[in-house]
Amino acid sequence: MVIYRTRPIVSDEQLNELFVSAWGNFTPTTFDHVRERNLTYICAYDEDKLIGFVNVAWDGGIHAFILDTTVHEFYQRQGIGGVLVERASSIAEAAGITWLHVDFEPHLVDFYRACGFRHTEAGLRNLRE
């Protein structure tokens with residue numbers, strides 16, 4: 001049974017293990033900036049094992065941003081990501097957010113459409129290249 005928690009205490013080790021599992025090429029990092037500077041984040045657990053995560057960044061006004069929707073590779077395609085995004089959306093709405101944004105790669109179009117997002121034009125600039 002999957003348990004969802006809002007803003008739980010979650011370690012860098014747990015988050016790095018999850019991100020490496022889901023993304024493969026992820027470089028482990030610290031997550032203090034994520035845990036401290038956002039509207040909320042939600043974690044999914046199978047008992048005590050972290051199996052999912054989503055972050056909601058916020059501009060301090062009416063815009064928020066879904067970031068880092070991640071589900072452990074062994075738990076993908078079971079609806080966990082959708083529940084994480086729906087819970088994040090509900091919290092953002094309750095906080096008075098009007099516009100919830102998400103950027104994603106083409107292979108995730110169907111997932112985010114199923115979560116209620118529609119296509120918009122957006123720009124992206126890589127400042128590390």
Side-chain angles (χ1 to χ4, degrees):
M1 177 174 158
V2 178
I3 297 168
Y4 298 89
R5 296 186 181 124
T6 302
R7 298 187 73 81
I9 295 172
V10 59
S11 71
D12 288 344
E13 180 181 12
Q14 290 173 299
L15 287 165
N16 281 312
E17 181 180 321
L18 172 65
F19 277 63
V20 166
S21 163
W23 302 110
N25 63 349
F26 180 79
T27 302
T29 188
T30 61
F31 289 86
D32 289 342
H33 62 287
V34 172
R35 289 186 294 258
E36 295 171 0
R37 296 184 188 106
N38 59 24
L39 179 65
T40 194
Y41 62 90
I42 297 121
C43 294
Y45 294 88
D46 180 357
E47 296 188 16
D48 290 335
K49 180 182 177 79
L50 179 66
I51 60 167
F53 176 84
V54 68
N55 180 31
V56 182
W58 179 41
D59 72 348
I62 62 170
H63 296 268
F65 307 84
I66 295 285
L67 298 171
D68 301 328
T69 306
T70 304
V71 176
H72 190 284
E73 66 178 331
F74 296 128
Y75 294 85
Q76 292 176 2
R77 292 175 177 56
Q78 297 179 34
I80 295 166
V83 173
L84 287 167
V85 171
E86 183 56 38
R87 287 176 180 246
S89 299
S90 295
I91 291 169
E93 183 179 16
I97 300 302
T98 301
W99 297 103
L100 187 58
H101 305 258
V102 66
D103 291 326
F104 51 86
E105 295 176 0
H107 70 279
L108 295 171
V109 167
D110 291 340
F111 170 76
Y112 282 106
R113 279 194 182 144
C115 291
F117 290 88
R118 61 182 169 84
H119 177 77
T120 62
E121 295 295 324
L124 178 66
R125 180 178 174 191
N126 186 336
L127 300 176
R128 302 287 181 208
E129 289 184 346

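All values reported here derive from a predicted model rather than from experimental measurement. Sequential numbering from 1 along the given sequence is applied to the chain's residues.
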* Report the residues that fulfil side chain to side chain contact (heavy atoms under 4.5 Å, CB included) with Pro28, sequence neighbours left out, ordered by chain and then residue number. => Asn16, Val20
Taking only distance into account, with no hydrogens and no angle test, what donor-acceptor pairs under 3.5 Å do side-chain atoms of residues 96-104 form with protein atoms, sequence neighbours excluded?
| from | atom 1 | to | atom 2 | distance (Å) |
| --- | --- | --- | --- | --- |
| His101 | NE2 | His63 | ND1 | 2.6 |

* Structure fact -> Closest heavy-atom pair, Val54 versus Ala88, reported as atoms and distance to 0.1 Å, is CG1-CB, 4.0 Å
* **Point-to-point distance, once rounded to the nearest 0.5 Å, from CG of Asn55 to CZ of Arg37** => 12.0 Å
* Which residue pairs pass the side-chain hydrogen bond (donor to acceptor under 3.5 Å, both in side chains) test when at least one of the two sits in residues 81-96, sequence neighbours left out? -> none
* Structure fact -> So the side-chain hydrogen bond (donor to acceptor under 3.5 Å, both in side chains) pairs with at least one residue in residues 67-76 (sequence neighbours excluded) are Ser21-His72, Trp23-Thr70, Asp46-Tyr75, Thr69-Tyr112
* With a cut-off of 6.0 Å (strictly less than), are more than 12 heavy atoms of other residues, nucleotides or ligands near CD of Glu36? -> yes
* Asked: Among all residues two or more places apart in sequence or in another chain, which pass the side chain to side chain contact (heavy atoms under 4.5 Å, CB included) test with Cys115?
  -> Val85, Phe111, Phe117
* To do: Just jot down the side-chain hydrogen bond (donor to acceptor under 3.5 Å, both in side chains) partners of His33, sequence neighbours excluded, or say none.
  => none
* side-chain hydrogen bond (donor to acceptor under 3.5 Å, both in side chains) partners for Arg7, two or more places apart -> Asn38
* To do: Taking all heavy atoms of Val2 and all of Ala44, pick out the closest pair and write down the distance.
  => CG1-CB, 4.0 Å
* Asp32: partners by salt bridge (charged side-chain N to carboxylate O under 4.0 Å, His left out), with sequence neighbours left out -> Arg35
* To do: Name all residues meeting the ring pair (Phe, Tyr, Trp, His ring centres under 6.0 Å) criterion together with Tyr41; count only those two or more places apart in sequence or in a different chain, and write none if there are none.
  => Phe53
* Asked: Who pairs with Glu17 by salt bridge (charged side-chain N to carboxylate O under 4.0 Å, His left out), at least two apart in sequence or on another chain?
  -> Lys49
